[in-house]
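Fair warning: this is a prediction, and the values are worked out from it, not measured in the lab. Chain naming here is simple, since letters A, B, ... match the order of the sequence lines and numbering starts at 1 in each.
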2 protein chains.
Amino acid sequence: MTETKTDPRILRTRKIIMDSFIKLSGKKEFKDITIKDITTEAMINRATFYYHFEDIYDLLEKALSEVLLINLNTNLYQNSELNEDTIIRLFQAITNFQLTLSNRCHRGYEDTIARIIREQIEVIIFNLLVKQFPGEEKKAHKVTASMLSWGIYGASVEWRRNNNSTSPEEYIKLAIPYIIYGIN
Amino acid sequence: MTETKTDPRILRTRKIIMDSFIKLSGKKEFKDITIKDITTEAMINRATFYYHFEDIYDLLEKALSEVLLINLNTNLYQNSELNEDTIIRLFQAITNFQLTLSNRCHRGYEDTIARIIREQIEVIIFNLLVKQFPGEEKKAHKVTASMLSWGIYGASVEWRRNNNSTSPEEYIKLAIPYIIYGIN
DNA sequence: TTAGATGTGTAGTATATACAACACATTGTA
DNA sequence: TACAATGTGTTGTATATACTACACATCTAA
């Protein structure tokens, strides 16, 4: 809302860097991608990279967040409530995102990536909860969001592992009553 | 050869501007394209436009030259002589370029565009002649290049006008003996 | 072990781009 | 006519990016 517009040069350069990184991720494993590779691909100076990102892990984090967030924003920007529909869309976005990831080789960095994704989910859920129940305790929202994010992320991992014929929607629907109405 | 490498920012920005201009040319007539349109499309500041180009006609000139030159370079960079083969490739590049142009609306600026194209052809032919006959008088090369450029450009106009089944290659082949061996 | 090669991260300076403001011209419209 | 709106081209200043050099780490080969 109170967005102060950022310098177009910054937006442009960040996008070039992230796009180059994503492109390289399709060719090499993460551990083999050097910062020189990225800046060469992006045709920017190496020093400029450090102007925007702390190091390559910072880039990984921001690139993943951005890609995931774009997926999510287009999916559930309209819905501002945490309900059955929202959860289904969220889950679909995650499984979809995981599928694109699995086509790229990030061997050895699965844990980092998993953490980033889960944190993103947590942020999204937290914001939804705050909007939905403005008066209540934020600490409770925090814990709830944390637990839900772990649960939903874990579900996406399990879904991918049992890569059977169940669609993401059907899969998560099995758990939704528990999420929404609780154990009772 | 003695290319002093130019700042990547300049290359990048020029490309963005030209690409935006070409993109806009597909939507609007030239006379309706404002500099604000271009800079908005390119997401650069209007002052930056004037850093690179004098005005919109300067951009038109450079954009056309560049597109035509790229066509030509990829076609006849290998051949450094002005022979039958070179002329055929040159003619093909021009007709091909004219076809792409005809899909865009530049009504009222045909003359300007024609001049730019012809001048480009002249430069190319002149350079070929200088390379081919290094010892001889440059003034003669100049006149020869001028006449040939007018002739070849004119032929491309005629070819397009009689838009019949003759291919550019067949068409120009009819005139090649005259060009190469002269009237006798 | 020692060098050499490659990668990371930082700092100082030069240059390109962003932005805002301005004067001026052109166009449409009341 | 007037006067608002839109476009052109310029200028001054702030900021982002390019470039170069440097110190340091890691790895490989002699």
*Nearest-angstrom distance from the residue atom CD1 of B/I38 to P of D/dG7*: 12 Å
*Is there a donor in the side chain of B/R118 and an acceptor in the side chain of B/S149, or the other way round, less than 3.5 Å apart?*
yes
*asked:* Restricting to side-chain contact (heavy atoms from CB on, under 4.5 Å), what partner residues turn up for A/T40, sequence neighbours left out?
replied: A/K36
*Measure the distance from CG on B/L59 to C1' on D/dG9 and round it to the nearest whole Å.*
15 Å
*Assign the ring pair A/Y171 / A/F91 to parallel, tilted or perpendicular, where the plane angle (0 to 90°) is split at 30° and 60°.*
parallel
_Lys/Arg cation over aromatic A/F53: A/K62, 6.0 Å, 45° cone_ = no
_Can you build the contact string for nucleotides 7-22 of chain C? Use B for base contact, S for sugar-phosphate-only contact, and - for no protein heavy atom under 4.0 Å._
-BBBB---BBBSB---
*Taking atom types as modelled, is there a side-chain donor on A/N45 or A/T48 under 3.5 Å from an acceptor on the other?*
no
